[in-house]
Amino acid sequence: MNLEEGDDCFMELTFSRRWKHVSVVRTFLQSFLDVNFPDGKQTTPERVAMAVSELMENAVKYASSEGIRLSLTVSGHDPVLTVTIENPAEPEAVKTVEALYNRVMTGEPMATYLQMMMEAATRVEDHSRLGLIRIRCESGCRLRLETEPELVRFTLEL
Amino acid sequence: MNKLGIAPITHDRVSIDVADAATGVFVSVVGDIDMQDPSKLLDPFFLKLHQAALKEGTPAIEVDFRRLAFLNSSGIKALAKWAMLLAVVPTEKRYKLRFLHNKGLTWQATSLPTLTFLVPGAITLA
């Protein structure tokens, strides 16, 4: 893909489902955004990198096969920053992610975060289910979910 | 070794140390916690610390997060579980839990204050 009119940079990366990619992407993205971050925004490269890290964790957990794709666009027009992370997923996993997203986007963010922390603390399963609500509360970005029968795609926009 | 007999941990990119302090014990957490399932590391550690502190009547546990650059959401869950352990301890038997945080790190400025609301009055931030 080439840069479109008004875009400063575009990148696309494809990963396998290895956990070690999560921290590599977070570190790289934060360093990249430290020198390419759009001016005049309330959020920071650290917050965006945290959000991408949580979405990468979700993608690794829920991916049904290899091929987690991350794309990033920094643009001179709105949205000035777009990060998309998508992964193939089993239909059941797609439903799980949809339900979690709908829960996270409901209510006042910090109240929902507190409630979900309480639930996480008393749940036995290893998934925290706190990543998306954390993004809503901490990232300073808009979060959007799109799904297809066997695909999950999250988009962060600034 | 500290008076609670808790051994330090170094795992992956995080190290956790426990030292005696005038008011109890001081726990320092340094590095990044971003492993896939930090509960395997943190849950037993926090439980041991909690039980030892109650047994010894430790007045306070101070946890220094200021050099913990990153904590993933599974790590936040582990902290929430620790906080909820205090919820079932009668107030007069609880130790004081104090988190030292760096407001310049977003996760510490947002997630740590939220954790203090889980058990009102049990955790303070500094």
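So you know, we letter chains A, B, ... as the sequences are listed, proteins then strands, and number each from 1.
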Does a sphere of radius 6.0 Å around CD in A/Glu108 hold more than 12 heavy atoms from other residues, nucleotides or ligands, not counting ones at 6.0 Å or beyond? yes
Single-linkage hydrophobic cluster, 4.5 Å side-chain cutoff, A/Leu132 and A/Leu130 together: yes
Tell me, for A/Lys61 versus chain B, whether the close heavy atoms (under 4.5 Å) come from the side chain, the backbone, both or neither. side chain
Linking I/L/V/M/F/W/Y whenever their side-chain heavy atoms sit closer than 4.5 Å, directly or via other members, would A/Tyr101 and A/Met50 fall into one cluster? no
Heavy-atom proximity to chain B below 4.5 Å, by part of A/Arg129: neither
Please classify the contact between B/Leu115 and chain A as side chain, backbone, both or neither, with a heavy-atom cut-off of under 4.5 Å. both
Chain A heavy atoms under 4.5 Å from B/Phe70: which part of the residue, side chain, backbone, both or neither? side chain
Any idea which of B/Arg13, B/Gln36, B/Met84 has the most non-hydrogen atom pairs under 4.5 angstrom with chain A? B/Gln36
Does the pair A/Arg47/A/Glu138 count as a salt bridge with the N-to-O cut at 4.0 Å? no
Less than 4.0 angstrom from a charged side-chain N to a carboxylate O is my criterion; do B/Lys3 and B/Glu56 meet it? no
Students often mix this up, so state it plainly: with edges at 30° and 60°, are the rings of B/Phe99 and B/Phe65 parallel, tilted or perpendicular? perpendicular
Verify, without hydrogens or angle tests, whether B/His101 (side chain) and B/Ala126 (backbone) share a donor-acceptor contact under 3.5 angstrom. yes
Top residue by heavy-atom pair count (under 4.5 Å) with chain B, among A/Met117, A/Met118, A/Arg123? A/Met117
Tell me, side chain or backbone of B/Leu85 under 4.5 Å from chain A's heavy atoms, or both, or neither? neither
Which portion of B/Asp37 sits near chain A, non-hydrogen atoms under 4.5 angstrom: side chain
Using non-hydrogen atoms only, which part of B/Trp82 is less than 4.5 Å away from chain A: side chain, backbone, both, or neither? neither
Which bit of A/Glu57 is near chain B, if near means a heavy-atom gap under 4.5 Å: side chain, backbone, both or neither? side chain
